[in-house]
Chemist: 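First the structure, which I've put down as structure tokens, then a few questions once you've had a look.
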Amino acid sequence: MERTLRDATGRVAGWILPPIGNANTYRKQLAAGRAEERRLLISDLALGSDKSCRQSLEQARTILPTVAEATRSVVLVSSPEQLDFWRDLLTAHETADGDDDTVVVLRRYDWRGLRDWTQQHSAYETEERLTKLAAITGGWPFLVDKVLDLRDRHRDQDNALEELEKWLARKENAQEFVEAVGLAQDTLTDTDGEDDLVRRGYEAVVEELGSGWNPEGDCVTAAELAGLAEEDARWALTCLETLQALDRDGTRLRVEPVLHAALGTLGSKE
């Protein structure tokens, strides 16, 4: 993720992207800078602790460049490894100084994004093939990349989609997919902390309401019926939506079909 951001922003003229190797370097770079210099600090915390994420965010807010005319922005990359930190960040309305932090959630390809992708790669450009691509991959970048690899290997785009369906039907491959999109299997099996709230919220929606579209309020009620306090129920749904495990259509929610099927494959008996 950090490399992708650096590749994208490094092409923007006038911005400097200093390397951030460790916490000490990060703190120094927060205060560094020269007059009229624009700097972007990208710190990948995906494998760090909740505590280190909170510290990095607080330092970004409080450690300013020593030169008044210097400009710097900070991007902190987090992952599902830090659900406690996510809860702090996603449920807070304002930061300590009254300014809103910008939270950017990585999302799947939507219909327009997939159409652009098909044109870029000269594949699945007909309406029928695009519809099938969307249904089988769910727009998950991991699966979209996988189908492109299969197409190149088989030299046939229709066979590639069929092969992807077969690939996902195998338990070890479903496990790889689930972990790649950030909803590791232990997130749905842990019995303590934020992971347990997410698991119970997901299971409650499926057990009480099924896999179709339902009003958001009904989803909250389903989680409450499973024993979650209202605040925890709402947080569980927020987290699941952030993970893209829930789709939203206005005030309605549903479990994302492709990921849900993969979780079903993992839960099935051999």
Chemist: Salt bridge between Asp50 and Arg54, side-chain N to carboxylate O under 4.0 Å?
Modeler: no

Chemist: Hey, can you pull the donor-acceptor pairs under 3.5 Å for the side chains in residues 215-226, sequence neighbours left out?
Modeler:
from   : atom 1 : to     : atom 2 : distance (Å)
Glu216 : OE1    : Arg248 : NH1    : 3.1
Glu216 : OE1    : Arg248 : NH2    : 3.3
Glu216 : OE2    : Arg248 : NH2    : 3.3
Thr221 : OG1    : Gly217 : O      : 3.0

Chemist: Looking only at non-hydrogen atoms, find the nearest pair between Thr25 and Pro19 and report the distance.
Modeler: CG2-O, 3.7 Å

Chemist: Does any part of the side chain of Leu228, heavy atoms only, come nearer than 4.5 Å to the side chain of Arg200, both counted from C-beta?
Modeler: yes

Chemist: Just wondering, do Gln244 and Val105 contact through their side chains at under 4.5 Å, heavy atoms?
Modeler: yes

Chemist: Who passes side-chain hydrogen bond (donor to acceptor under 3.5 Å, both in side chains) against Ser52, sequence neighbours left out?
Modeler: Ser49

Chemist: Is the shortest side-chain heavy-atom distance between Leu41 and Pro18 below 4.5 Å?
Modeler: yes

Chemist: Holding to side-chain hydrogen bond (donor to acceptor under 3.5 Å, both in side chains), I want the full list of residues that pass it with Asp116, two or more places apart in sequence or in another chain.
Modeler: none

Chemist: Quick one: salt bridge (charged side-chain N to carboxylate O under 4.0 Å, His left out) pairs with a partner in residues 22-35, sequence neighbours left out?
Modeler: Arg34-Glu37

Chemist: Do the side chains of Thr137 and Val258 get nearer than 4.5 Å, heavy atoms only?
Modeler: no

Chemist: Tell me whether Arg87 is salt-bridged to Asp84, with the criterion being a basic N under 4.0 Å from an acidic carboxylate O.
Modeler: no

Chemist: Is any side-chain heavy atom of Thr71 less than 4.5 Å from a side-chain heavy atom of Arg39?
Modeler: no

Chemist: I need the minimum non-hydrogen distance between Trp86 and Pro80, along with the two atoms involved.
Modeler: CZ2-N, 3.6 Å

Chemist: Listing request: all salt bridge (charged side-chain N to carboxylate O under 4.0 Å, His left out) pairs with a residue in residues 157-167, at least two apart in sequence or in separate chains.
Modeler: Arg129-Asp158, Glu163-Lys166

Chemist: Could you report the tightest heavy-atom contact between Gly139 and Leu114, atom names first, then the distance?
Modeler: CA-CD1, 4.5 Å

Chemist: For residues 118-128, which residue pairs qualify under salt bridge (charged side-chain N to carboxylate O under 4.0 Å, His left out), counting only residues two or more places apart or in two chains?
Modeler: Arg115-Glu127

Chemist: Starting at CG of Leu76, measure out to CD of Gln59 and round the result to the nearest 0.5 Å.
Modeler: 9.5 Å

Chemist: With sequence neighbours excluded, what pairs up with Ala46 under the side-chain contact (heavy atoms from CB on, under 4.5 Å) test?
Modeler: Asp44, Ser79

Chemist: What do the steps show when you test Leu168 against Asn173 for side-chain contact (heavy atoms from CB on, under 4.5 Å), and what is the final call?
Modeler: CA-CA 6 Å; Leu168 273 174; Asn173 297 333; 5.7 Å; no

Chemist: In chain order, what residues pass the side-chain contact (heavy atoms from CB on, under 4.5 Å) check against Asp110, with sequence neighbours excluded?
Modeler: Arg112

Chemist: Taking the side chain as every heavy atom from C-beta outward, state whether Leu45 and Phe85 have any pair of such atoms under 4.5 Å apart.
Modeler: no

Chemist: If you count heavy atoms of other groups shown closer than 6.0 angstrom to CD of Glu36, is the number above 12?
Modeler: no

Chemist: Partners of Glu69 by side-chain contact (heavy atoms from CB on, under 4.5 Å), sequence neighbours excluded?
Modeler: Ala35, Val67

Chemist: Is Val255 reachable from Trp213 through a run of hydrophobic residues whose side-chain heavy atoms are each under 4.5 Å from the next?
Modeler: no

Chemist: Cluster question for you: counting only ILVMFWY and a side-chain heavy-atom cut-off of under 4.5 Å, with indirect links fine, are Leu209 and Leu253 together?
Modeler: no

Chemist: First locate atom CG of Leu259, then atom CG of Leu143, and finally report the distance between them rounded to the nearest 0.5 Å.
Modeler: 9.5 Å

Chemist: Same cluster for Leu243 and Val103 if Ile/Leu/Val/Met/Phe/Trp/Tyr side chains link at under 4.5 Å?
Modeler: yes

Chemist: Going by heavy atoms in the side chains, are Leu246 and Glu256 under 4.5 Å from each other?
Modeler: no

Chemist: Once ring pair (Phe, Tyr, Trp, His ring centres under 6.0 Å) is applied, what residue pairs with a partner in residues 134-167 remain, sequence neighbours excluded?
Modeler: Trp140-Phe177

Chemist: For the atom pair CG (Leu263) and CD (Gln175), what is the distance rounded to the nearest 0.5 Å?
Modeler: 9.5 Å

Chemist: Kindly check if the number of other-residue, nucleotide or ligand heavy atoms within 6.0 Å of CZ (Arg234) is above 12?
Modeler: no

Chemist: Do you know which two heavy atoms are closest between Ala169 and Thr265, and how far apart they sit?
Modeler: O-CG2, 3.6 Å

Chemist: Holding to side-chain hydrogen bond (donor to acceptor under 3.5 Å, both in side chains), I want the full list of residues that pass it with Gln119, two or more places apart in sequence or in another chain.
Modeler: none

Chemist: To the closest 0.5 Å, what do you measure between CD (Gln157) and CG (Asp152)?
Modeler: 11.0 Å

Chemist: Measure the OG1-CH2 distance between Thr131 and Trp111 for me, rounded to the nearest 0.5 Å.
Modeler: 3.5 Å

Chemist: Tell me the closest heavy-atom pair linking Leu266 and Lys171, and the distance in Å.
Modeler: CD2-O, 3.4 Å

Chemist: Between atom OG of Ser78 and atom CG of Leu89, what is the distance when rounded to the nearest 0.5 Å?
Modeler: 8.0 Å

Chemist: Once side-chain contact (heavy atoms from CB on, under 4.5 Å) is applied, do any residues pair with Ala160, and if so which ones, sequence neighbours excluded?
Modeler: Tyr124, Val147, Leu150, Arg151

Chemist: Determine the minimum heavy-atom distance between Arg72 and Pro65, stating which atoms define it.
Modeler: CG-CG, 3.7 Å

Chemist: Run the side-chain contact (heavy atoms from CB on, under 4.5 Å) check on Asn214 and Arg252 step by step: do they pass?
Modeler: CA-CA 5 Å; Asn214 292 282; Arg252 299 189 303 161; over 6 Å; no

Chemist: With side chains defined as the heavy atoms from C-beta onward, is the minimum distance between Ser56 and Val74 less than 4.5 Å?
Modeler: no

